[in-house]
> 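Got a structure here, written out as C-alpha cells. Questions coming.
All ligand and atom numbering here is 1-based and tracks the order in the structure. All residue numbers in this chain count up from 1 along the given sequence.
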Amino acid sequence: MAKIIDGKAISAQIRAEIKESAAAFTARRGYRPGLAVIIVGSDPASQVYVRNKRRACDEVGFYSEAYELPEQTTQSELIALVDKLNADDKIHGILCQLPLPKHLDENEVILRINPAKDVDAFHPYNVGKIMIGDYDFLPCTPAGVMALLERSGIEVAGKECVIVGRSNIVGKPQAMLLLHANGTVTICHSRTKNLAEVCRRADILVAAIGKADFFTADMVKEGAVVIDVGMNRRADGKLTGDVDFSSVEPKASYITPVPGGVGPMTITMLMKNTLTAAERAASKE
Ligand code: NDP
C-alpha cells in the first residue's frame, strides 16, 4: 500500500506560510504583492483557472486584477495591456492564461512580459535561468512536484527519475529541477522505445502526458514514487490522472492522487512566485 501524497494538505500548509510572509511584506512596505491575470476568450476551463487564481490571491492577502478580454481581442490590444501592466507598480506578477485564441501570437506575448514579472516562468530569460540552475522563478507545476517530494521527505539525490512528457511547461523544466536535485534523469516522449521498460527503472516516475489511466502496474517498479501530473476529463465529467491509480497504488511507495495531488500545488507555486517578484521589486526600490 502506497502512502498517498496529500497535495491539498501540503498546498494549504504552503499557502499559510505565504499568507504570513505576505502580511509581513504588506506591514513593512505599505502595499500588497499584486498579481494580474489576463484571459482572452471564453474557454470554460480557463475561466475556472482564472477564478481559482483570484480566490487564491484573496486567501493569501494579495492584490489582484483580472482582465477578461473578448475572443476578438487583437494582438496589439493584448500587447498594449501587457505593456501597461509591465509599467504598473501595483502589479508584481503577470500571467496570461494559455492557450490564447488561434489568431493571437502567444510567443510575442510571452516575450513582452517583463521577465521580472513573469511568474509563470515561460519567458526565455527565465527558462534559461532554470537551465543554469540560477532561479528567479520556478515554473509552477514542476515546482509544485518538487515541493510535494520535499515535504513528503522523499530524497531525490542519486535516484533514477523518469519523466514521461517533454512539454515546455511540465516535462522539460521538471527534468531540470530533478537534475538540479541530483537525480539521474531520463525524459521519455511519444517516440520513446520500450516505454514500459524505461518506466520500470524509475525510483521516481513523473507521468505528464495527458492520457487517462495510461500508466498501469506493469510499468511501475515495486516501491517507486509515482507523481501523476495528468489532468484528464472522463466522459462522465470526472477528473482523472495519467496513472491507473487502482492498479499502481498497491505497488508504489508513494503516489499522488488526481484530483488532490499535483493540481492544488500549481496555483500555490504561482502565489509563491508572485511574493518572490514583489520582494525582488521592493529590494530594488
Ligand atoms: P502536452 O500535450 O504539451 O505534452 C504531452 C507530452 O506527452 C508530449 O511530450 C508527448 O510526446 C508526450 N506523450 C503523449 N503521448 C505519449 C505516449 N503515449 N507515450 C509517451 N509520451 C507521450 O501536455 P502538458 O505537458 O501541457 O500536460 C501534460 C498533462 O499534465 C496533461 O494532462 C495536462 O492537463 C496536465 N497538466 C497538469 C497541470 C497541473 O496543474 N496538475 C498543469 C499543466 C498540465 P511528444 O513530445 O513526442 O509529442
> Check this for me: does any side-chain nitrogen of one of Lys129 and Asp136 sit under 4.0 Å from a carboxylate oxygen of the other?
yes

> Under a 3.5 Å cutoff, is there a donor and acceptor pairing between the side chains of Thr276 and Asn273?
no

> Listing request: all salt bridge (charged side-chain N to carboxylate O under 4.0 Å, His left out) pairs with a residue in residues 225-241, at least two apart in sequence or in separate chains.
Asp213-Arg234

> How would you list, by chain and number, the residues with a heavy atom under 4.0 angstrom from ligand 1?
Thr141, Val164, Gly165, Arg166, Ser167, Ile169, Val170, His189, Ser190, Leu195, Ala208, Ile209, Gly210, Lys211, Phe214, Val229, Gly230, Met231, Asn232, Val262, Gly263, Thr266

> Verify the distance criterion only: is there a donor paired with an acceptor across the side chains of Glu65 and Tyr67 at less than 3.5 Å?
yes

> Picking from Asp83, Asn86, Asn107, what satisfies side chain to side chain donor-acceptor pair (under 3.5 Å) with Arg112?
Asp83

> List the atom of Ile267, the atom of Tyr49, and the distance in Å for their closest heavy-atom pair.
CD1-O, 4.4 Å

